[in-house]
There are 2 protein chains.
Amino acid sequence: MGTTKSEGFSTETNELAHLFKALGHPARIAIIQFLRKQESCICNDLVNELPLAQPTISQHLKELKNAGIIKGNISGTSICYCLDLSKIKLLDVFLASLSYDQNQSCC
Amino acid sequence: MGTTKSEGFSTETNELAHLFKALGHPARIAIIQFLRKQESCICNDLVNELPLAQPTISQHLKELKNAGIIKGNISGTSICYCLDLSKIKLLDVFLASLSYDQNQSCC
DNA sequence: TTGTTATATTGCAATATTACGATGTTATCG
DNA sequence: CGATAACATCGTAATATTGCAATATAACAA
């Protein structure tokens with residue numbers, strides 16, 4: 001155990017969980033907030049922005065890329081990372097679907 | 001290590017990460033999907049719906065409650081769990097804020 | 001070539017998460 | 001009262017995550 005049991009759940013459920021999990025770390029939220037703030041999406045100075053060592057940041061970027069939340073292009077010596085809005089939209093749709101039902105019958 | 005470093009990040013960043021993390025497991029997504037599907041929000045038969053043992057489900061419910069995503073009221077022998085939409089809305093607002101900027105200058 | 005800059009990968013220690021059997025707890029039923 | 005039903009909690013094994021130093025790689029500059 002320690003392993004997440006994914007067999008009994010639908011593909012959609014598993015994908016949503018995987019995306020949410022990728023966002024479930026302050027460093028990764030901070031990366032996304034920084035990307036949003038940036039004019040360009042080149043983020044070479046992330047190391048100076050976050051209170052984490054360079055390998056740790058690299059690891060978090062990898063996880064976000066793996067989940068499909070950001071995409072990166074090599075641009076000379078640095079790398080250009082940008083948000084992939086299609087995945088964000090998936091999450092947005094899911095969360096929005098929760099607000100429609102107002103069966104507040106007991107709570 | 002193994003411990004998440006939260007000191008260097010803003011309160012908002014940490015809270016968002018904490019909420020997303022709570023959603024980062026298929027069982028917890030399934031619980032929320034089930035809550036959405038239900039007419040009433042009494043969810044005593046979650047044990048029959050999910051491919052997990054009762055203590056495991058109880059643990060996941062606790063985590064969702066801890067994050068403030070669901071709230072539970074005792075109702076006789078069973079417990080009534082419902083979504084707390086205010087937290088959902090926080091996430092919704094964050095995700096929506098990512099879609100406004102269209103600085104697709106490189107990717 | 002040598003050096004520098006930007007990033008990735010490896011390896012590991014510390015800690016967290018997941019899952020579940022066993023066992024509590026609490027309310028209701030007979 | 002005792003039995004049952006619906007949870008919660010405890011304890012623990014297996015595995016995952018986090019963070020970083022050390023090291024590798026790759027592109028460019030001098």
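So that the names make sense, note that chain A is the first sequence line, chain B the second, and so on, each numbered from 1.
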- [ ] Search all heavy atoms of A/Pro26 against all heavy atoms of B/Lys5 and return the closest pair with its distance.
- [x] CG-O, 4.2 Å
Task: Over all atoms of both residues, closest heavy-atom pair of A/Leu83 and A/Lys71 - done: O-CE, 3.9 Å
Tabulate protein N/O versus nucleotide N/O from nucleotides 26-30 of chain C, keeping only pairs under 3.5 Å, one per line.
none

Open item on the list: Between A/Ala27 and A/Met1, which residue's closest nucleotide on DNA chain D lies nearer the 5′ terminus?
Closed with: A/Met1
Task: Aromatic plane relationship, A/Phe20 with B/Phe20 - under 30° parallel, 30 to 60° tilted, over 60° perpendicular - done: parallel
Looking at [N], I'd like to know if its phosphate oxygens (OP1 or OP2) sit under 4.0 Å from a side-chain N or O belonging to [X].
{"X": "A/Arg28", "N": "D/dT18", "value": "yes"}
{"X": "B/Tyr81", "N": "D/dA6", "value": "no"}
{"X": "B/His60", "N": "C/dT17", "value": "no"}
{"X": "A/Lys21", "N": "C/dT17", "value": "no"}
{"X": "B/Ser58", "N": "D/dA8", "value": "yes"}
{"X": "B/Lys5", "N": "D/dT18", "value": "no"}

TODO: By nearest nucleotide on DNA chain C, pick out whichever of A/Thr56 and A/Ser6 is the more 5' one.
DONE: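 Nearest nucleotide further toward 5': that of A/Thr56.
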Give the rounded distance in Å between these two atoms: [atom1] of [X] and [atom2] of [N].
{"X": "B/His25", "N": "D/dT17", "atom1": "NE2", "atom2": "P", "answer": "11 Å"}
{"X": "B/Lys62", "N": "C/dT18", "atom1": "NZ", "atom2": "P", "answer": "13 Å"}
{"X": "B/Leu61", "N": "D/dA6", "atom1": "CG", "atom2": "P", "answer": "15 Å"}
{"X": "A/Phe20", "N": "C/dT17", "atom1": "CZ", "atom2": "C1'", "answer": "19 Å"}
{"X": "A/Asn66", "N": "C/dA8", "atom1": "CG", "atom2": "P", "answer": "13 Å"}
{"X": "B/Leu46", "N": "C/dA19", "atom1": "CG", "atom2": "C1'", "answer": "16 Å"}
{"X": "B/His18", "N": "C/dA16", "atom1": "NE2", "atom2": "P", "answer": "13 Å"}
{"X": "A/Ile57", "N": "D/dT17", "atom1": "CD1", "atom2": "P", "answer": "19 Å"}

TODO: Could you tell me whether a side-chain N or O of A/Arg28 sits under 3.5 Å from a main-chain N or O of A/Ala22, the two making a donor and an acceptor?
DONE: yes
Open item on the list: Has A/Asn14 got a side-chain atom pairing as donor or acceptor with A/Ser10's backbone, closer than 3.5 angstrom?
Closed with: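 Side chain of A/Asn14 to backbone of A/Ser10, a donor-acceptor pair under 3.5 Å: yes, one is there.
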Task: Option among A/Ile31, A/Leu85, A/Leu23 that satisfies the side chain to side chain contact (heavy atoms under 4.5 Å, CB included) test with A/Ile69 - done: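 Only match with A/Ile69 under side chain to side chain contact (heavy atoms under 4.5 Å, CB included): A/Leu23.
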- [ ] Under 4.0 Å between any heavy atoms, over every strand shown, what does A/Thr3 touch: base, sugar-phosphate, or nothing? Just pick one.
- [x]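 Since only primed, P, OP1 and OP2 atoms lie under 4.0 Å of A/Thr3, the category is sugar-phosphate.
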TODO: Give one of base, sugar-phosphate or nothing for A/Leu52, where a contact means two heavy atoms less than 4.0 Å apart.
DONE: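 A/Leu52: backbone/sugar contact only, no base atoms under 4.0 Å.
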Could you check which of [options] has an atom nearest any side-chain atom of [X]?
{"X": "B/Pro55", "options": "D/dT18, D/dC7, C/dA22", "result": "C/dA22"}
{"X": "B/Thr4", "options": "C/dA19, D/dT18, D/dT9", "result": "D/dT18"}
{"X": "B/Ala53", "options": "D/dT18, C/dG21, D/dA8", "result": "C/dG21"}
{"X": "A/Gln59", "options": "C/dA8, C/dG11, D/dC7", "result": "C/dG11"}

Open item on the list: Is it the case that the base of D/dA8 and the side chain of B/Gln54 share a donor-acceptor contact (distance under 3.5 Å, atom types as modelled)?
Closed with: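 Yes, the side chain and the base share a sub-3.5 Å donor-acceptor pair.
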TODO: Apply side chain to side chain contact (heavy atoms under 4.5 Å, CB included) to the pair B/His18 and B/Lys87, showing each step before the final yes or no.
DONE: CA-CA 11 Å; B/His18 188 236; B/Lys87 298 291 179 178; over 6 Å; no
- [ ] Please step through side chain to side chain contact (heavy atoms under 4.5 Å, CB included) for the pair A/Leu52 and B/Phe9, ending with a clear verdict.
- [x] CA-CA 10 Å; A/Leu52 293 169; B/Phe9 303 102; 4.0 Å; yes
